[in-house]
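Remember, predicted model here, so these are calculated numbers, not experimental data. Ligands are counted one by one from 1 in listed order, and the atoms in each one are counted from 1 as well.
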Amino acid sequence: MELKNLRVNGKRLQSTLAEMATIGATPGGGVQRLTLSDADRQARDLFVRWLKELELDVTIDEMGNIFGKRTGRDNDLPPVMSGSHIDSQPKGGRFDGILGVMGALEVLRTLHENNVETLRPIEIVDWTNEEGSRFAPAMVASGVWAGALDRDWVYQRTDIHGKRFGDELQRIGYKGQAPAKKHPVHAYYEYHIEQGPILEREGKRIGAPKGILCLHWYDIYLEGEANQVGPTPMEGRHDALCAAAEMILTVNRLPDKMGGNMVATVGEIQNYPNSRNIIPDKVHFTVDIRSWDDDHALRAWKDLRKDFESIAAGRGCPIRIEETWRVAHSPFDKKLVQRVLDTADALAYPSLYMVSGAGHDASYMNQIAPTAMIFVPSIGGRSHVEVENTRWEDCEAGANVLLHCILQSAGEAAED
Ligand code: GLV
Ligand code: MN
Ligand code: MN
């Protein structure tokens, strides 16, 4: 068969995704595969088994990243890499992350059964803890691999129960021996659901993001004074939750106030002692700010920080702020983005040049290698929820685009 006529097996991709979705399945039809949980381990075990069936060279590094390498004709040439993540949000969907890993697996299966040889090796990857929901921040393992984050700092990060990342990685048996250290990569493609409404609204099947917004994460800790709610007069209270409430609305109003293109969100809060008849004396909450313009996001943060300090002072609630994580906006490789668009055209899938509002390991990969992403529509624009859904035909279409982008990159000689 002529290579240009090669297609993935959409039914097989569907059943692979369906099998993965049984691991950590939630009653509402989604998945809970928090990073380094037992469900994450189970999904990794299955993934590794599937990699071995393809006779790939499997490596697990000290961050728990799983790589499977398919040899090329010239294995001295840097490989083409593709993958995403297996972990999920607490009430996540059946496509976020896993589509990119299973999509790349489907590409390798297709090459394998058709005995397709490529010039360059091809490497599939599952990055540990993309979500950053259990252990903040997100995308840490690609960050360490790319040399942007420190391994030991990540090992020490704790979840809300005080469990350490490094210990949990060991516990699930995925603290590998290989150093988490970048090697040259010829091209990195990450296949993912859009997680927003635009492709569906525009009636397109393939999205080619020009890049990813910057992501800035902050952790806010407030101290109040606990007391019995009945006898304590309203005047003179130091209610940490009320201070947080004012701050949260300030975050919500920030994009309007600052103008320009940005979003700002508080998604997580812990209130202590969390009893209806005690004035709260400790609150922790998170802030997420995103924009294409890094400076704009920083200006917004400076403005917000001032507001936080004055709210805290007004309520007599000392504030501690941790600037947890920043990753700059990531403009992808123009040639690879164009390749995604051209490949979609060649396969007769309507496509759209767009922006990714969601974070991806592609942000860190973009710092060390030519990178692009392939998006497919999210039904109703819903993601990070159990009802997250994408049509099977679209999953197949995206995997075909991935297949042909990989084939082109993997056929490029050293001087290309
Ligand atoms: C990752 O899922 C993010 O966009 O926060
Ligand atoms: Mn994802
Ligand atoms: Mn996600």
Side-chain angles (χ1 to χ4, degrees), residues 17 20-21 24 26 30-37 39-40 43 47 65 82-104 125-143 149 188-198 207 209 211-219 251 262-268 286-292 297 324-330 354-366 371-378 381-390 395 398 402:
L17 284 163
M20 271 291 174
T26 57
V31 294
Q32 179 173 107
R33 261 193 323 261
L34 287 174
T35 199
L36 311 185
S37 63
D40 184 11
F47 176 53
N65 296 320
S82 183
S84 192
H85 60 99
I86 278 178
D87 70 318
S88 85
Q89 290 286 326
K91 275 185 158 195
R94 295 166 296 142
F95 298 88
D96 177 4
I98 197 72
L99 175 64
V101 186
M102 297 302 110
V125 58
D126 161 43
W127 301 110
T128 299
N129 188 27
E130 189 276 345
E131 295 289 4
S133 176
R134 179 179 177 199
F135 295 100
M139 295 139 53
V140 286
S142 55
L149 297 176
Y188 176 76
Y189 293 104
E190 187 163 344
Y191 173 31
H192 208 280
I193 51 168
E194 178 201 347
Q195 307 187 271
I198 294 169
I212 304 179
L213 304 185
C214 75
L215 274 82
H216 295 183
W217 282 11
Y218 304 96
D219 283 82
V251 174
M262 60 171 294
V263 288
T265 311
V266 174
E268 181 181 346
T286 60
V287 178
D288 175 310
I289 298 177
R290 305 184 187 202
S291 173
W292 185 255
T324 309
W325 183 51
R326 284 189 188 139
V327 56
H329 90 286
S330 315
M354 56 188 304
V355 175
S356 174
H360 301 287
D361 294 296
S363 270
Y364 282 124
M365 285 307 289
N366 189 55
T371 291
M373 292 190 75
I374 297 156
F375 280 177
V376 283
S378 293
R382 304 286 310 279
S383 185
H384 281 186
V385 289
E386 291 167 292
V387 298
E388 176 182 279
N389 206 355
T390 290
C395 293
L402 180 66

Exercise. Roughly, to 10 degrees, what angle do His192 atom NE2 and Asp96 atom OD1 form around the Mn ion (ligand 2)?
Worked result: 80°

Problem set entry | Distance, nearest 0.5 Å, that separates CG of Leu36 from CZ of Arg134 | 6.0 Å

Problem set entry | Residue, atom name and distance, where the atom is the protein heavy atom closest to atom 5 (O) of ligand 1 | Arg290 NH2, 2.7 Å

Exercise. At a 4.0 Å threshold, what atoms of ligand 1 neighbour a non-hydrogen atom of Gly359?
Worked result: 1 (C), 3 (C), 4 (O)

Exercise. Step by step, would you call Leu99 with Arg94 a side chain to side chain contact (heavy atoms under 4.5 Å, CB included)?
Worked result: CA-CA 8 Å; Leu99 175 64; Arg94 295 166 296 142; over 6 Å; no

Exercise. So, is His360 placed with an N/O/S atom under 2.8 Å from the Mn ion (ligand 2), counting both backbone and side chain?
Worked result: no

Exercise. Polar-atom distance check: Asp96 versus ligand 1, any N or O pair below 3.5 Å?
Worked result: no

Problem set entry | Between Ser330 and Asn366, a side-chain donor and acceptor under 3.5 Å | no

Problem set entry | Subset of ligand 1 atoms that lie under 4.0 Å from at least one heavy atom of Ala358 | 4 (O)

Problem set entry | 4.0 Å heavy-atom contact, His384 with ligand 1 | yes

Exercise. Applying a 4.0 Å heavy-atom criterion (strictly less than), which segment of His192 is in contact with ligand 1: side chain, backbone, both, or neither?
Worked result: neither

For this session: Examine His384 and say whether one of its N/O/S atoms is closer to the Mn ion (ligand 3) than 2.8 Å.
Result: yes

For this session: Assign the ring pair Trp325 / Trp217 to parallel, tilted or perpendicular, where the plane angle (0 to 90°) is split at 30° and 60°.
Result: perpendicular

Exercise. Are the side chain of Gln32 and the backbone N or O of Gly24 linked by a donor-acceptor pair below 3.5 Å?
Worked result: no

Exercise. So with a 6.0 Å cut-off around CZ of Arg326, is the heavy-atom count from everything else above 12?
Worked result: yes

Exercise. Is it true that Gln195 lies under 4.0 Å from ligand 1, counting heavy atoms only?
Worked result: no

For this session: Would you check if the side chain of Ser84 reaches a backbone N or O of Val101 as a donor-acceptor pair within less than 3.5 Å?
Result: no

